[in-house]
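First up is the structure itself, then whatever we jot down about it.
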Amino acid sequence: MSDISIHARDLGKAYGDRRVLHGVSITAGPGQRLGLVGENGVGKSTLLRLLAGVEEPDSGFVVRPADCGFLLQELPFGEDAVVGDVIDDALSEIRAARRRLDELGSCLARDPDNPDLLAAYGEVLDWAQDHDLWDADRRAELVLTGLGLAFVDRDRPLSTFSGGQRSRLGLAALLIRQPMTMLLDEPTNHLDDAAVAFLERQLGRLPGTVVVASHDRVFLDEVCTDIVDLDPTRGGLTRFGGTYTAYLAAKRAERARWEQQWAREQDELAGLRVSVDVTAREISHNRVMKDNNKIAYDRHGGRVQRQISRRVRNAQLRLDELTRTQVRRPPAPLRFYGVLTGNPPPDKLVVSLRQVRLCGRLDLDELDVSTSSRLMVQGENGAGKSTLLKVLAGILTPDTGTVRRAHGVRVALLEQDVVFASPEKTARQLYAGEVPLVELGLLSGRDLDKPVGRLSVGQRRRLALAMLIGRPPEVLLLDEPTNHLSLALAEELEQALQSAPGAVVVATHDRWLRRTWDGAELVLADGKAARGLPPARSDPIDLD
């Protein structure tokens with residue numbers, strides 16, 4: 001097997017005046033699957049692009065194997081390309097290798113002792129074995145089936161695909177090609193549970209190297225052999241061996257050690273400054289010297305002064321050294337402190353749906369939401385989850401049926417795609433909540449005065465959530481709430497969901513969130529309730 005390791009040393013990258021990466025070094029070898037984690041904007045996607053050679057670093061270097069594949073965000077094909085073109089391109093190297101083996105085999109049959117032919121045949125044969133050449137066509141069918149693309153017409157133009165479908169097709173092409181080093185940026189986006197499970201199995205049995213950035217915590221747990229944390233630590237980039245779950249425990253312990261070391265050093269620095277400025281210079285300043293002590297003072301005074309000078313010098317040296325080498329103060333992590341909902345009366349019926357039909361999107365006989373509801377809506381892509389939330393929020397009006405709401409009840413929806421009408425305005429200008437924006441812990445202080453058009457997708461989504469809960473609604477509807485959140489912030493949001501006093505309805509693919517959910521669950525399929533529909537109520541409450 002050829003070298004399939006990837007090495008990066010002292011990488012630095014800036015965009016304008018914003019430095020994204022500085023002094024980053026990373027190595028990944030055969031059988032290792034590295035998961036990149038960290039706050040949004042810390043440089044995970046940038047690092048992957050540098051490793052792939054899509055962008056060049058400002059400093060440092062990357063040594064990558066020739067057989068390196070990067071999951072592109074957009075397929076590199078023209079407007080007239082069809083699905084079959086993508087599949088044929090993914091198999092082109094493998095088919096070329098097969099033809100080359102046949103040619104070399106024919107040549108060796110005529111000249112079996114030719115050393116050059118033997119070497120060339122051995123090299124191509126090694127490549128073929130690494131890439132499972134003889135199983136490639138079957139692998140292509142398995143991959144397309146596993147990612148939900150088996151029944152897609154091979155003559156279908158790519159221009160008719162949605163962004164999510166194009167992303168899945170790009171992932172399929174990479175898995176069919178099976179390069180020995182794979183670089184993946186959020187590969188589980190746009191995949192349903194079955195497709196994610198298939199991807200986990202595929203990556204888990206690859207002999208080569210995988211480096212992946214993902215917000216899917218279950219995926220990281222199932223796939224990764226190591227976790228690389230790009231968040232600031234005492235020593236910069238930190239690598240943890242083991243699963244994501246093991247990383248969480250190790251990260252908490254490392255953070256505690258960092259905080260303790262910083263506190264100890266600050267105490268020592270304070271003591272040294274006092275020693276240099278005051279203590280080391282004191283020598284009985286308030287005592288009156290007697291005449292019969294003057295001779296003794298002359299005899300011993302020089303020695304005392306030398307001792308004092310040595311104490312001052314030693315304290316100053318240690319102060320200088322510790323000032324130079326002290327660990328950085330641990331940056332305050334972005335912590336969610338908000339309350340997601342208001343405090344409505346307990347168990348009051350607030351939203352009621354009856355015989356709701358929205359052509360081709362939703363077909364629901366009944367659904368009631370009370371102030372004590374905890375409802376998770378599940379289903380495959382296109383099952384109707386987002387549509388249901390928009391109907392509950394009053395954004396969509398059904399073709400038939402009734403939607404009734406209690407008087408004076410505020411219902412708020414966090415949508416998947418956040419668009420601000422005035423991108424030139426800052427977060428501080430747009431926010432009008434009762435709780436100060438910075439106190440919610442969703443945006444750092446340095447981002448409050450940036451135009452929202454310059455914020456990342458995750459930052460814009462956190463701002464949208466802040467604008468909803470700045471004056472908490474009685475009913476909060478969340479569409480994929482952990483998308484684009486850092487892993488730490490996602491966990492804190494989940495804890496807040498458990499303690500929210502009002503009603504919460506969540507639509508999500510997040511398997512980590514789903515496995516810890518302790519409320520009711522509704523599964524939709526083709527816009528209909530497949531299972532888990534909560535029983536209807538008949539409360540005599542005045543609804544709108």
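The figures that follow rest on heavy atoms only: side chains count, while hydrogens, waters and symmetry mates do not.
The side-chain heavy atoms of H22 and D10, taken from C-beta on, include no pair separated by under 4.5 Å. Side-chain atoms of L183 and L71, non-hydrogen and from C-beta on, never get closer than 4.5 Å to each other.
For D229 (side chain) and T238 (main-chain N/O), no donor-acceptor pair under 3.5 Å exists by modelled atom type. Between the side chain of R257 and the backbone N or O of R252 there is no donor-acceptor pair closer than 3.5 Å. Checked by atom type and distance alone, the side chain of T482 never pairs as donor or acceptor with a backbone atom of A490 at under 3.5 Å.
Under 3.5 Å, the side chains of Q498 and E494 contain no donor-acceptor pair of N or O atoms. Looking at D320 and T323, their side chains never bring a donor and an acceptor atom within 3.5 Å of each other. Using modelled atom types, one finds no donor on one side chain facing an acceptor on the other under 3.5 Å when comparing T243 with T245.
Atoms CH2 and NZ, on W258 and K251 in that order, are 8.5 Å from each other to the nearest 0.5 Å. Rounded to the nearest 0.5 angstrom, E415 CD and L478 CG are separated by 11.5 Å. Considering CG of L171 and CD of Q202, their distance stands at 9.5 Å, rounded to 0.5 Å. Distance check: L442 CG to E492 CD gives 9.5 Å after rounding to the nearest 0.5 Å.
Among L174, L36, V223, the one residue that satisfies the side-chain contact (heavy atoms from CB on, under 4.5 Å) test with L184 is L174.
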Requested in this report: Evaluate the criterion salt bridge (Lys or Arg N to Asp or Glu O under 4.0 Å) for residue pair E321 and R324; output intermediate values, then yes/no.
Outcome: CA-CA 5 Å; E321 177 189 14; R324 184 177 65 256; 5.3 Å; no

Query raised in the report: Which is it for K385 and E480 under the salt bridge (Lys or Arg N to Asp or Glu O under 4.0 Å) test, yes or no, and what are the steps along the way?
Result: CA-CA 10 Å; K385 302 185 300 296; E480 299 292 352; 5.1 Å; no

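A salt bridge between R511 and D216 is present, with a side-chain N of the basic residue lying under 4.0 Å from a carboxylate O of the acidic one.
Geometrically, R514 does not engage W512 in a cation-pi contact, judged by NZ or CZ lying under 6.0 Å from the ring centre and within 45° of the ring axis.
Under the salt bridge (Lys or Arg N to Asp or Glu O under 4.0 Å) criterion, E474 pairs with no residue, sequence neighbours left out. In this structure, D267 has no salt bridge (Lys or Arg N to Asp or Glu O under 4.0 Å) partners at least two apart in sequence or on a different chain.
Across all non-hydrogen atoms, the minimal contact from A393 to V411 is CA-CG1, 4.1 Å.
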